[in-house]
Amino acid sequence: RVWNGQLKPQGSGSADKPIVIGSYGGNARPVINIAKAEGAGIRLTNQSGWEITNMEITSGAPPEVGIGRQGIVAVVRGENQHIRHLVVRNSYIHDVWGQLGGRSEYAGLNSCAILITARGSNTILDDVLVENNRIERFDKVGIVVDGGKSGVVVRKNVMDNLGGDGIIVGGGSKAMIEYNVVKRSCLRSG
């Protein structure tokens, strides 16, 4: 029920046949405890057709200078990439103390509970849903979706006790951000 470490699955699915990470039977969420590790609890790189549901990501380790920590991350890199269908739903991300400042791959604005980002020229990210997640006691940002071109929806997420911002969505057209609740944000960002 508890995975100690980080999960970096491989491969891609599709919108009609996604690869799903989540609980199998029962109501308990699988837990990924990254402890003192730098980086994400779950990380996808240049992968389409994924649904991450009913997961729990935690750390509990105290903050360390230069160490960035993340919850669930999907990064699109390189030239001419077209990534479709990324879903993060019904997950609980808590007690993850990342790096508030800095510009590394894991620090600053990249230190997110949920980070979905496209970096590179002619890179397209479509059909992104971040829904019904709970984020508590996290440094720095709750949710970032950057570079999504169409079909970006961020809804019904609840965030409390964040070191930085609640939600940042950029780079897309007609993104929908609705029914989210952010309490006590920017508590430690200066």
Check your understanding: Under a single-linkage definition using a 4.5 Å side-chain heavy-atom cutoff for Ile, Leu, Val, Met, Phe, Trp and Tyr, are Ile57 and Ile21 assigned to the same hydrophobic cluster?
Key -> yes
Point to revise | With sequence neighbours excluded, residues passing ring-ring contact (aromatic ring centres under 6.0 Å, His included) with Tyr106 | key: none
Revision key, fill the gap. Smallest heavy-atom separation, Pro18 atom then Glu51 atom, equals CG-OE2, 3.5 Å
**Study point:** Residues forming a side chain to side chain donor-acceptor pair (under 3.5 Å) with Glu136, sequence neighbours excluded
**Key:** Tyr92
**Study point:** Atom pair OG (Ser104) and CD1 (Ile67), whose distance is rounded to the nearest 0.5 Å
**Key:** 9.0 Å
**Study point:** Residue list, side chain to side chain donor-acceptor pair (under 3.5 Å) with Gln6, at least two apart or on another chain
**Key:** none
Check your understanding: Are Val31 and Ile72 joined in one hydrophobic group, where the rule is that I, L, V, M, F, W and Y side chains link up if heavy atoms are under 4.5 Å apart?
Key -> no
Practice item. Run the numbers on Thr58 and Ile93 for side chain to side chain contact (heavy atoms under 4.5 Å, CB included), then give the verdict. Key: CA-CA 6 Å; Thr58 191; Ile93 303 167; over 6 Å; no
**Study point:** Asp127/Arg84 salt bridge by N-O under 4.0 Å criterion
**Key:** no
Point to revise | Pairs involving residues 142-153, ordered by first then second residue, that meet side-chain hydrogen bond (donor to acceptor under 3.5 Å, both in side chains) (sequence neighbours left out) | key: Asp126-Ser150
Check your understanding: Are Leu129 and Ile19 connected in the hydrophobic side-chain network, where two residues link if heavy atoms are under 4.5 Å apart?
Key -> no
Check your understanding: Within the distance-only criterion (no hydrogens, no angle test), does the side chain of Glu38 pair as donor or acceptor with the backbone N or O of Lys36 below 3.5 angstrom?
Key -> no
Exercise for review: Determine the minimum heavy-atom distance between Pro9 and Leu44, stating which atoms define it.
Suggested key: CG-CD2, 3.6 Å
Review point. Which heavy-atom pair separates Asn54 from Pro30 by the least distance, and what is that distance?
Key: O-CD, 3.2 Å
Point to revise | Linked hydrophobic residues, Val144 as query - side chain contacts closer than 4.5 Å | key: Val73, Val75, Leu109, Leu115, Val141, Ile168
**Study point:** With sequence neighbours excluded, residues passing side-chain contact (heavy atoms from CB on, under 4.5 Å) with Asn4
**Key:** Val2, Asn33
Study note, to complete from the structure: Across all chains, not counting sequence neighbours, the side chain to side chain donor-acceptor pair (under 3.5 Å) partners of Ser14 are Asp16
Practice item. Calculate, to the nearest 0.5 Å, the distance between atoms CG and CG belonging to Leu100 and Leu187 respectively. Key: 10.0 Å
Show me the donor-acceptor pairs, under 3.5 Å and distance only, between side chains in residues 152-162 and residues at least two apart or in other chains.
| unit_1 | atom_1 | unit_2 | atom_2 | d |
| --- | --- | --- | --- | --- |
| Arg155 | NE | Glu178 | OE2 | 2.9 |
| Arg155 | NH1 | Glu131 | OE2 | 3.2 |
| Arg155 | NH2 | Glu178 | OE2 | 3.2 |
| Asn157 | OD1 | Asn132 | N | 3.4 |
| Asn157 | OD1 | Asn133 | N | 3.0 |
| Asn157 | OD1 | Asn133 | ND2 | 3.0 |
| Asn157 | ND2 | Val130 | O | 3.1 |
| Asn157 | ND2 | Arg155 | O | 3.1 |
| Asn157 | ND2 | Asn180 | OD1 | 2.9 |
| Asp160 | OD1 | Arg184 | NE | 2.9 |
| Asp160 | OD1 | Arg184 | NH2 | 3.4 |
| Asp160 | OD2 | Arg184 | NH2 | 3.1 |
| Asn161 | OD1 | Arg188 | NH1 | 2.9 |
| Asn161 | OD1 | Arg188 | NH2 | 3.1 |

Practice item. Can you sort out the partners of Arg29 under salt bridge (Lys or Arg N to Asp or Glu O under 4.0 Å), two or more places apart, ordered by chain and number? Key: none
Point to revise | Set of residues satisfying salt bridge (Lys or Arg N to Asp or Glu O under 4.0 Å) with respect to Arg77, sequence neighbours excluded | key: Glu105
Review point. Who pairs with Gln81 by side-chain contact (heavy atoms from CB on, under 4.5 Å), at least two apart in sequence or on another chain?
Key: Asn46, Val76, Ile83, Thr123
Review point. Got a second to check how far Ile116's CD1 is from Trp50's CH2, nearest 0.5 Å?
Key: 13.5 Å
Exercise for review: Return the set of residues passing salt bridge (Lys or Arg N to Asp or Glu O under 4.0 Å) with Glu64 (not counting sequence neighbours), or none when no residue passes.
Suggested key: Arg69
Practice item. Could you state whether Val145 and Ile167 fall into the same hydrophobic cluster, counting links through intermediate Ile, Leu, Val, Met, Phe, Trp or Tyr residues with side-chain heavy atoms under 4.5 angstrom apart? Key: yes
**Study point:** Shared hydrophobic cluster, Ile135 / Val169 (ILVMFWY, side-chain heavy atoms < 4.5 Å)
**Key:** yes
